[in-house]
**Q** 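Just dropping this structure here.
The shown structure was predicted, so the numbers you read here are calculated from the model rather than taken from an experiment. Heads up: numbering here begins at 1 and tracks the sequence.
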Amino acid sequence: MLRARAAVQHLQEYHPPLARRDGLRLDFNENTEGCSPRVLARLPKITADDLARYPERAPVEKIVAEHLGLAPEHVLLTNGVDEAIHLLCEAYLEPQDEVLIVTPTFSMFEIYSAATGAHVTRVQCDSNFQFPIAKLLSRVTPATKLIAIASPNNPTGTVATRDQLLQIASAAPSAAVLVDEAYFDFHGNTVLFDVKAIPNLFVGRTFSKAYGLAGLRIGILAGPREQMPMVRRVSSPYSVNSVALAVLPVALADSDYLSCYVAQVKTGRGCLQQELFRLGIHAWPSHANFLLLRIGDRHREFVTAMRQRGILVRDRSSDPGCDGCVRITVGTAEQTDRLIGALREVALGLKLGSKVTA
Ligand SMILES: Cc1ncc(COP(=O)(O)O)c(C=O)c1O
C-alpha cells in the first residue's frame, strides 16, 4: 500500500479560512486597496506568446537585486515567502534535526519544517510578546539547523532587533537563520544587507502585503553568496510565473504608490491604537499592517458582529499565548474610519473594553 512519509502522515492539512470573504477584508494582512494602477496597466500587454513560454526568472532577479542594493548572486525570486521557507527546509533539514521557532508566529515555519521529519521546538513569548532572545539562545544546540523568525512577527506585530538577530546567527553557526521580513515595508528596519557578511543568514521578503500582489505569488529569498546555489538546487526554475515576472519591475518602479499606501497604513495604525486605548481594549504595539487585540471570552461573537457589519477580522485565539485575541489588518484612511465606527458599535453592544460607554 502506498504510504506518505511518516512526517507527512503526522501533519494536519492547513486550511486558511478563505471562503466567504465578501466585505472589507481585514483578515489576512493583505493590501486592502489593490496594487499600483501601473501594474494593472501592464497586464493587458502580456501576449499569448509570453504565456506560451516558460518563465525566465534571471533577468527580473537582476532588476530586483539592483533595486534592493544586492548582487544578483544573493537573490532568488520565489513563489511567495512560503516557497522561500519551503526551500530552506528542503536544503538544510534532515529528519531528526532541530528547528527553533518563536511562538506565536506564522504557521508555515512549523508546517514545512515538520514535513521534513525535523523536530520543531517552540520558544514561547511572554505575555507582552517581546522577542524572547535569552530563551531562544538557551535552546540552541548542535542539532539546531534552522531558526525561523518573523520580524515584524505575525500575529503579534512585534519585532526582534538587528542586534538580537545577528546574535542568534552567530550563536548558531550550523543553522540557517531565516528572518522573514514580509512586513518590512511597514517597519523599515532590516537585516537584508547583513546577508553579504553573515554566512548563515537568510532574509525573506514578499510582494503579497504592501505591494498588493498576494494573488500573483512573488517573494524574495536573499542569502549568503556561498549558500544560495544550494537553495537554487532544490528550487523549480519555473516557480515564479510569467505574469508575476512581467509586472514585478513595474511594481518596483512605482515607489509613489508604495509610499502613499504605507503612509496611510501607518497613520491608520496609530488612529486605531488610540481608539482601542480610549475604549479600554488592549492591543500590542505593532510594526506591521495589523494589530492584535485582546478581546477576551467574547472573541467569536466579536468576529461575527464585525462580519455582520461587513468587516472581516481574524480570530487568533487558538494561537499559542493568544487566548481571546483577534487580529485586524489596517488599510486605507477611509477603511480605518469605517473600522473604527464598527468597533465602537460592537464594543458597546458586547460590553467589551474597560472604558466603553454609550
Ligand atoms: C510572516 C509571514 N511570512 C510570510 C507570509 C506569506 O507570504 P507570501 O504570500 O509571500 O507567501 C505571511 C502571510 O501572512 C506572513 O505573515
**Q** If the test is side-chain hydrogen bond (donor to acceptor under 3.5 Å, both in side chains), which one of Arg327, Arg307, Arg21 qualifies with Asp27?
**A** Arg21

**Q** Look at atom CZ of Arg139 and say whether more than 12 heavy atoms of other residues, nucleotides or ligands are closer to it than 6.0 Å.
**A** no

**Q** Take Arg309 and Val346 through the test side-chain contact (heavy atoms from CB on, under 4.5 Å) and record every step on the way to the result.
**A** CA-CA 9 Å; Arg309 286 161 180 78; Val346 171; 3.7 Å; yes

**Q** Could you note down all residue pairs passing ring-ring contact (aromatic ring centres under 6.0 Å, His included) where residues 318-339 supplies at least one of them, sequence neighbours left out?
**A** none

**Q** Which pairs count as ring-ring contact (aromatic ring centres under 6.0 Å, His included) when at least one residue sits in residues 2-25, sequence neighbours excluded?
**A** none

**Q** Looking at Thr332, Thr32, Val330, which one forms a side chain to side chain contact (heavy atoms under 4.5 Å, CB included) with Gln264?
**A** Thr332

**Q** Run Thr190 and Arg205 through side-chain contact (heavy atoms from CB on, under 4.5 Å) and show every step you take.
**A** CA-CA 10 Å; Thr190 183; Arg205 291 272 183 93; 3.0 Å; yes

**Q** Please give me the minimum heavy-atom distance between Thr78 and Val81, naming the atom from each residue.
**A** OG1-N, 4.3 Å

**Q** So, Ser239 and Arg217: side-chain donor and acceptor under 3.5 Å apart, yes or no?
**A** no

**Q** In this structure, are over 12 heavy atoms from other groups packed under 6.0 Å from Lys62 atom NZ?
**A** no

**Q** Side chains of Lys145 and Ser174: closer than 4.5 Å at any heavy-atom pair?
**A** yes

**Q** Check each of Thr121, Ile147, Ile168 against Val140 using the side chain to side chain contact (heavy atoms under 4.5 Å, CB included) test, and report the only one that passes.
**A** Ile147

**Q** Is Leu216 close to Val247 at the side-chain level, that is, under 4.5 Å between some pair of heavy atoms?
**A** yes

**Q** May I have all residue pairs that pass ring-ring contact (aromatic ring centres under 6.0 Å, His included) and include part of residues 50-105, sequence neighbours excluded?
**A** Tyr54-Tyr238, His86-Tyr112, Tyr92-Phe202

**Q** Are Tyr257 and Tyr211 close enough that their ring centers fall under 6.0 Å?
**A** no

